[in-house]
Amino acid sequence: MASEQVEPAVAAAALEEHDEAHGQGYAERLNWLRAAVLGANDGIVSTAGLVIGVAAATTSRPAILTAGLAGLAAGAMSMAVGEYVSVSTQRDTERSLIAKEVRELREEPEAELAELAEIYEGKGLSPDLAHRVAVELTAHDALGAHAEAELGIDPDNLTNPWHAAVASMVAFTVGALLPLLAIVLPSASWRVPVTVVAVVVALAGTGVLSARLGDADARRATLRVVGGGLIAMAVTYAIGSLVGTHVG
């Protein structure tokens, strides 16, 4: 009896010390943060490549600014539309799967209960315990329990295409502003070096952040992101120099 009275207190203390986020909401916020980092990274690389290519072809600040703003607007809108279409398709699929689950729960409740028990049994519970868990979860929230276990979907928290579109557009725009400002503010002789340094620093930051979000090797992720950005800028600079020479 003493151990039964002590164990809950010990468990509560351990739980309080073990302050770790859980749940669907946390996973969704993490996914949005990761998407924002990737969107900003895309804005940095694509805009940097564009403006450096134009700067290699001409020293005209208005021409570089115009090209950069056009690239920023086109890229941000492309990200927004692409994300909206993609997430809308995902949401339609989720709704279709949930509607199917509602129908099956209404028409075949016994089969659905057995299926849910089988899922928990496959996760390591004994057959009797798996059945009791399935019964209690079904009694509490049948659709939520079955949708989560069978489909990995929270019926009350479906993906929102508008949120995805706005987040992607904002992230891309924020990322694109850095190389755009770095290329138009300095004098002509310093434009490319300043932009390259600014982009490398920014990409290193996004590389470290994305690695931490994914619990990966920060050095490898940073080298990969920075290397890709340098290659993109080198290629567009070479093309801009070649085109500028022949057109000029």
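Within the model, atoms CZ of F172 and CD1 of I44 stand 10.0 Å from one another, a figure rounded to the nearest 0.5 Å. Between atom CD1 of residue I183 and atom OG1 of residue T195 there is a gap of 3.0 Å, rounded to the nearest 0.5 Å. In this structure, L38 CG and T206 OG1 are separated by 8.5 Å, a value rounded to the nearest 0.5 Å. With rounding to the nearest 0.5 Å, the separation of OG in S88 from CD in E83 is 10.0 Å. Between the CG atom of L50 and the CG atom of L69 there is a distance of 10.0 Å, given to the nearest 0.5 Å.
The heavy-atom pair separating A182 from A198 by the smallest distance is CB-CB, 4.1 Å.
Judged by distance alone, the side chain of T236 and the main-chain N or O of M233 form a donor-acceptor pair under 3.5 Å. At distances below 3.5 Å, at least one donor-acceptor pair connects side-chain atoms of T138 with backbone N or O atoms of A134.
With sequence neighbours left out, E121 forms a side-chain hydrogen bond (donor to acceptor under 3.5 Å, both in side chains) with no residue at all.
The side-chain heavy atoms of N41 and L203, taken from C-beta on, include a pair separated by under 4.5 Å. With a 4.5 Å cut-off on side-chain heavy atoms, V133 and L116 do not count as touching. Two residues are said to be in side-chain contact when any heavy atoms from C-beta on lie closer than 4.5 Å; L151 and H146 fail this criterion. Side-chain contact check for R61 versus R191: some heavy-atom pair is nearer than 4.5 Å. Taking 4.5 Å as the limit, some side-chain heavy atom of I52 sits within range of a side-chain heavy atom of V196.
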Side chain to side chain contact (heavy atoms under 4.5 Å, CB included) between V87 and N160, worked out: CA-CA 7 Å; V87 176; N160 191 313; 5.9 Å; no

Could you go step by step and tell me if V184 and V51 meet the side chain to side chain contact (heavy atoms under 4.5 Å, CB included) rule? CA-CA 9 Å; V184 299; V51 295; over 6 Å; no

